[in-house]
Number of protein chains: 2
Amino acid sequence: MADLELAVSTVILALLPGSCPTAVNAASPAGPTGERPADALRLHLPLVRRTREPFAERWALPGGWVTPDERLSSAARRTLEETTGLRPSYLEQLYTFGAPRRSPTGRVVSVVYTALVRAPEAADVEVGENVRWAPADALAETVGDLAFDHAEIVDYALWRLRTKVSYAAIAQHLLGELFTLAELRHVHEAVLGKPLDPANFRRTAVASGSVEATEHVQTGAAHRPARLYRAVLPPGGAAGGYPPWQSRPELG
Amino acid sequence: MADLELAVSTVILALLPGSCPTAVNAASPAGPTGERPADALRLHLPLVRRTREPFAERWALPGGWVTPDERLSSAARRTLEETTGLRPSYLEQLYTFGAPRRSPTGRVVSVVYTALVRAPEAADVEVGENVRWAPADALAETVGDLAFDHAEIVDYALWRLRTKVSYAAIAQHLLGELFTLAELRHVHEAVLGKPLDPANFRRTAVASGSVEATEHVQTGAAHRPARLYRAVLPPGGAAGGYPPWQSRPELG
DNA sequence: CCAAAAGTGTTTCATTTACACCCATGT
DNA sequence: ACATGGGTGTAAATGAAACACTTTTGG
């Protein structure tokens with residue numbers, strides 16, 4: 001039980017334009033599935049290039065070792081900030097991966113978190129030789145095979161996000177404080193990968209109680225101004241039926 | 001990253017008659033002669049009494065240390081069998097708990113699994129001075145405070161089971177190979193804690209495709225014999241939309 | 001005025017819920 | 001025969017999808 005190391009890794013997701021200047025991409029010519037507008041928002045995640053064996057030069061999820069006196073979630077936040085400078089607005093434990101041969105150098109058990117960051121903060125990442133954004137749905141084409149089992153981890157994180165976004169109010173963590181319902185709908189569309197009816201989305205969004213209208217409106221566009229909304233946190237109690245301890249600040 | 005130990009614990013759930021906390025009298029294995037006990041079925045879980053500090057004499061979840069060359073799920077199965085003799089029909093990772101002060105003796109990170117066992121196998125547990133079944137919804141009243149944060153873990157496992165049983169076909173793992181739809185409904189009722197309409201439950205259960213009728217019927221009861229059903233595993237592919245790697249045997 | 005997107009209303013369809021009713025068996 | 005739970009039918013209620021339509025801005 002001692003011949004074993006504990007790490008944390010994080011799948012951080014942000015919504016960036018597909019032709020984002022910071023994202024080094026050459027894979028945007030009208031591909032086989034390229035029904036997207038050129039500047040459509042797509043889920044991206046930051047990757048770090050490994051500088052040491054194993055998997056030197058390969059891209060990997062941000063992460064690091066767990067120190068003895070910090071929470072697992074704190075370790076995720078710390079390593080995330082150390083490697084990318086990001087401070088996510090949403091952080092949730094995803095799964096713990098611990099297959100014996102995940103790492104060729106020895107037994108490593110990784111507690112993996114999923115994080116969401118708002119677009120403004122995502123722009124603060126210092127992209128460079130060893131840090132870059134990559135589109136979540138085309139990792140292999142843009143950065144090749146990820147280190148370790150990280151490609152599998154990303155797939156699972158995306159699956160979970162897709163299933164969860166349909167019943168939990170988490171998409172708001174990918175936007176700024178104020179947003180239009182069209183923007184929120186774009187987030188859902190990018191996550192789910194399919195268009196949504198604007199009218200029906202509006203109704204379900206406001207009926208869910210997860211957003212509230214403000215008195216502000218968005219001006220400057222060549223059409224009727226859209227009202228700005230704000231995310232409303234779920235009631236502190238357990239009414240929502242979510243995990244009992246999710247209402248408390250953090251755990252684990 | 002070395003001053004830290006990795007453990008697995010398991011919340012094992014079985015459906016047992018509520019009145020006799022320790023005496024296990026399960027329905028006959030595959031025989032259609034399963035008589036229904038007068039009292040309702042309730043979720044129970046096996047606990048082990050700690051023989052050493054910390055928390056000596058207190059009841060705790062079965063578990064143990066992870067060895068360097070076994071999967072996390074294998075560690076869960078092994079420790080479960082070592083402590084209780086149980087081999088669960090369903091095993092799923094629940095969450096990883098790693099708060100710094102969980103254990104007073106040092107940093108322990110626990111990967112917790114949820115397991116379901118069928119009533120016949122649950123009867124094989126050797127109940128004794130240091131192993132006992134306790135009703136899941138009344139742990140404090142029957143066994144007092146659990147060791148460590150295990151009470152919190154059980155609460156979370158129950159919450160997850162309740163939410164998952166409504167959309168995933170897992171309740172069947174608490175029954176034998178053949179079961180009536182009334183028995184399956186009793187499982188759902190015990191998990192959800194509320195009565196369900198027999199007619200509607202029947203329709204949704206068969207429409208979901210998670211059960212298939214057999215040619216056997218259950219005789220011996222003072223009413224019309226009930227048809228016996230069998231669980232049908234979800235299609236091997238990813239059609240169901242479940243985690244990609246859940247279709248493979250195991251991971252992590 | 002026109003284009004474009006915000007926002008509202010309504011119709012249609014599918015699913016869930018409630019409950020009446022028949023069926024088959026042991027006593 | 002009758003009590004009991006198994007099993008079927010059906011209509012009301014709820015909710016999701018589709019789409020026509022009105023509103024409000026910039027050009």
Side-chain angles (χ1 to χ4, degrees), chain A residues 36-41 162-163 165-169 171 175 178-190 192-230 241, chain B residues 27 31-41 163 165-169 175 178-190 192-230 241:
Chain A
R36 305 171 184 275
D39 57 348
L41 294 174
R162 269 190 278 269
T163 62
V165 83
S166 62
Y167 70 87
L175 297 169
L178 298 180
F179 49 85
T180 69
L181 290 183
E183 290 170 340
L184 184 61
R185 175 168 51 85
H186 289 320
V187 176
H188 281 76
E189 288 174 337
L192 299 176
K194 67 180 180 185
L196 299 173
D197 184 297
N200 294 329
F201 179 83
R202 160 181 304 277
R203 264 185 293 260
T204 61
V206 303
S208 73
S210 62
V211 295
E212 75 180 357
T214 70
E215 71 278 16
H216 303 99
V217 291
Q218 187 185 55
T219 66
H223 53 74
R224 173 176 173 176
R227 166 156 263 112
L228 290 172
Y229 286 76
R230 178 189 296 117
Chain B
T33 65
E35 68 292 319
R36 185 152 301 113
D39 50 351
L41 295 173
T163 63
V165 82
S166 61
Y167 70 88
L175 296 169
L178 298 179
F179 49 86
T180 69
L181 289 184
E183 290 170 340
L184 184 61
R185 175 167 51 85
H186 288 320
V187 176
H188 280 75
E189 288 174 337
L192 298 176
K194 66 179 181 185
L196 299 173
D197 184 298
N200 296 328
F201 179 83
R202 158 181 305 278
R203 265 184 293 259
T204 60
V206 303
S208 74
S210 61
V211 295
E212 75 179 357
T214 70
E215 70 278 17
H216 304 99
V217 291
Q218 186 184 53
T219 65
H223 54 74
R224 173 176 171 177
R227 168 156 262 112
L228 291 171
Y229 286 76
R230 179 189 296 117

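What you see below is based on every heavy atom in this structure, not just the backbone, and it leaves out hydrogens, waters and symmetry mates. Chain identifiers are assigned alphabetically (A, B, ...) following the order of the sequence lines, protein sequences preceding nucleic acid strands; residue numbering begins at 1 within each chain.
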Inset, instruction - Considering non-hydrogen atoms only, spot the tightest contact between B:Ser210 and B:Ala205 and give its length. - result: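 Closest approach of B:Ser210 to B:Ala205: OG-O, 3.9 Å.
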Legend entry - Nearest non-hydrogen partners of B:Phe179 and B:Arg230, listed with the distance: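 What the structure gives for the nearest pair is CZ-C, 4.0 Å.
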Using whole Å, what does the distance between atom [atom2] of nucleotide [N] and atom [atom1] of [X] come to?
{"X": "A:Arg202", "N": "D:dG15", "atom1": "CZ", "atom2": "C1'", "value": "19 Å"}
{"X": "A:Phe201", "N": "C:dA5", "atom1": "CZ", "atom2": "P", "value": "17 Å"}
{"X": "A:Gln218", "N": "C:dA5", "atom1": "CD", "atom2": "C1'", "value": "11 Å"}
{"X": "A:Leu196", "N": "D:dA16", "atom1": "CG", "atom2": "C1'", "value": "13 Å"}

Inset, instruction - Decide yes or no for A:Val165 and A:Val187: does some side-chain heavy atom of the first lie under 4.5 Å from some side-chain heavy atom of the second? - result: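 A:Val165 does not reach A:Val187 side chain to side chain.
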Legend entry - Sugar-phosphate or base contact per nucleotide [nucleotides 17-27 of chain C; S, B, -; heavy atom under 4.0 Å]: BBB---BBBS-
Inset, instruction - Return the set of residues passing side-chain hydrogen bond (donor to acceptor under 3.5 Å, both in side chains) with A:Arg224 (not counting sequence neighbours), or none when no residue passes. - result: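 Result, side-chain hydrogen bond (donor to acceptor under 3.5 Å, both in side chains) vs A:Arg224: none returned.
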Inset, instruction - Give a yes or no answer on whether the side chain of B:Glu189 reaches the backbone of B:Leu196 with a donor-acceptor pair at less than 3.5 Å. - result: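 Yes.
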Legend entry - Residue that, paired with B:Thr180, satisfies side-chain contact (heavy atoms from CB on, under 4.5 Å) out of B:Leu175, B:Leu228, B:Val217: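 Among B:Leu175, B:Leu228, B:Val217, the one meeting side-chain contact (heavy atoms from CB on, under 4.5 Å) with B:Thr180 is B:Leu228.
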